[in-house]
Amino acid sequence: MVLYDKNDTCKLINILITGGSTSDLSLHAGCWPVELHKILKENGIHAKLYCAGIGGYNSGQELLKLIRDGIKTKPSIHISYSGANESVLKSYVSQFEQDFYEAKLNEDKVKTSCLMPSTVAYFRKLLKLNHPDIYLRPIDNVQGAEFWEENMRLMHGVALEHNYHFIGLLQPVLGAGKFKQKMTGYDEAIKEYHDQYPKMKELAGRYPDFLTDLSAIFDTCHGSVFIDNCHIH
């Protein structure tokens with residue numbers, strides 16, 4: 001989905017936005033990309049926002065979407081707003097997607113890749129592979145924080161290669177890093193946040209040129225700013 005003023009005759013700055021449900025316009029019509037577009041317009045900045053956030057996506061899936069679709073938008077700026085979905089599944093393909101494709105493969109009795117053809121073609125060229133199939137399964141020996149860090153670094157590298165700016169924002173979550181005494185009654189996702197976010201905050205601080213710990217702004221906020229564990233009003 002694209003946000004821009006159709007009556008704007010000025011040259012527009014292309015801004016690519018990736019992330020999960022918090023950035024997904026189809027799920028939340030008033031989510032933060034909409035507010036960003038308003039702020040830019042109010043300040044006389046003419047921009048076209050390519051909103052590529054998809055509910056449930058982690059940074060690994062963002063990276064693949066960037067390679068497959070995002071670069072085509074020729075962005076001047078790429079903003080990734082992510083972090084909360086890293087603890088769900090450390091994989092470049094979600095379990096739902098993997099199960100769906102494997103079920104289809106069993107039906108068709110044909111072996112093919114679980115990834116989109118253009119993505120496969122890119123990886124074949126990049127890695128100089130001739131094998132017909134590429135499978136990217138969960139990385140069991142990597143923690144969610146390190147998985148996020150590596151994908152942020154890769155997206156920054158893509159930006160450098162294609163001569164645009166990358167901004168990685170660590171997504172705020174409810175109570176991350178400060179609810180040790182409140183564990184009773186919190187679901188497993190909250191426990192995962194508690195385990196991963198202190199490390200993610202530390203990792204974000206290592207790359208001040210392109211990573212910002214946005215969650216630090218929310219650490220002193222009351223729960224009323226959150227709709228649930230990770231979505232904010």
Side-chain angles (χ1 to χ4, degrees), residues 16-24 52-71 78-102 113-116 119-120 122-123 126-127 129 134-161 166-177 186-216 218 229-231:
L16 173 67
I17 293 173
T18 59
S21 57
T22 321
S23 307
D24 191 337
I54 296 179
Y57 265 29
N58 59 27
S59 61
Q61 292 165 298
E62 281 184 64
L63 173 64
L64 293 185
K65 188 166 183 63
L66 169 66
I67 293 169
R68 194 188 74 195
D69 303 318
I71 296 173
H78 170 206
I79 304 173
S80 166
Y81 182 93
S82 61
N85 292 336
E86 306 308 300
S87 58
V88 179
L89 181 66
K90 303 179 290 295
S91 172
Y92 289 97
V93 177
S94 74
Q95 195 60 50
F96 173 82
E97 291 169 311
Q98 189 72 30
D99 291 345
F100 175 82
Y101 279 102
E102 287 183 0
S113 173
C114 63
L115 301 177
M116 295 296 286
T119 303
V120 173
Y122 177 87
F123 274 101
L126 181 69
L127 303 175
L129 297 177
I134 299 175
Y135 291 91
L136 296 173
R137 298 305 301 265
I139 307 172
D140 296 328
N141 62 340
V142 178
Q143 296 298 311
E146 282 79 10
F147 185 70
W148 176 79
E149 176 199 20
E150 183 62 19
N151 290 313
M152 292 297 106
R153 291 176 61 245
L154 287 169
M155 284 191 271
H156 176 59
V158 172
L160 292 177
E161 180 67 23
F166 172 68
I167 301 170
L169 302 177
L170 177 57
Q171 178 181 6
V173 296
L174 177 60
Y186 278 77
D187 59 21
E188 189 62 25
I190 289 291
K191 182 180 183 300
E192 290 287 343
Y193 295 154
H194 173 70
D195 293 341
Q196 294 297 321
Y197 260 69
K199 181 64 174 177
M200 294 173 85
K201 289 168 176 281
E202 177 191 332
L203 292 172
R206 295 181 185 178
Y207 307 95
D209 290 347
F210 61 91
L211 291 185
T212 298
D213 176 15
L214 195 65
S215 67
F218 291 77
N229 294 340
C230 60
H231 299 93

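Below, each value reflects all heavy atoms present in this structure, side chains not excepted, and no hydrogens, waters or symmetry copies. Throughout, residue positions are numbered sequentially from 1 according to the sequence presented.
- Closest approach of Gly56 to Gln61, counting heavy atoms only: O-OE1, 3.7 Å.
- Using a distance-only test at 3.5 Å, with no hydrogens or angles considered, a donor-acceptor pair links the side chain of Tyr197 to the main chain of Ala84.
- Between Leu16 and Gly70, the shortest heavy-atom contact is CD2-CA, 3.7 Å.
- The shortest heavy-atom contact between Leu170 and Met200 is CD1-CE, 3.8 Å.
- Arg153 and Glu149 are not joined by a salt bridge, as no carboxylate oxygen comes within less than 4.0 angstrom of a charged side-chain nitrogen.
- Every residue two or more places apart in sequence or in another chain that forms a side-chain hydrogen bond (donor to acceptor under 3.5 Å, both in side chains) with Thr18 is listed here: Glu62, His78.
- If you take OG1 on Thr22 and CD1 on Ile17, they are separated by 12.0 Å, rounding to the nearest 0.5 Å.
- In terms of the side-chain contact (heavy atoms from CB on, under 4.5 Å) criterion, residue partners of Leu169 (sequence neighbours excluded) are, by chain and number, Ile79, Tyr81, Ile167, Thr212, Leu214.
- Nearest heavy-atom pair across Ser59 and Trp148 is OG-CA, 3.6 Å.
- Between Ala204 and Asp213 the shortest heavy-atom distance is CB-CB, 4.3 Å.
- When all heavy atoms of Gln196 and Gly144 are compared, the closest pair comes out as OE1-N, 3.3 Å.
- Contact check for Tyr57 versus Lys65: side-chain heavy atoms found under the 4.5 Å cut-off.
- Note that CG of Leu66 is 10.5 Å distant from CG of Asn151, once rounded to the nearest 0.5 Å.
- A distance of 12.0 Å separates CD in Glu86 from CD in Gln143, rounded to the nearest 0.5 Å.
- A donor-acceptor pair under 3.5 Å is absent between the side-chain atoms of Glu150 and the main chain of Phe147, judged by distance alone.
- Taking CD of Glu146 as the reference point, atom CG of Leu203 lies at 6.0 Å (rounded to 0.5 Å).
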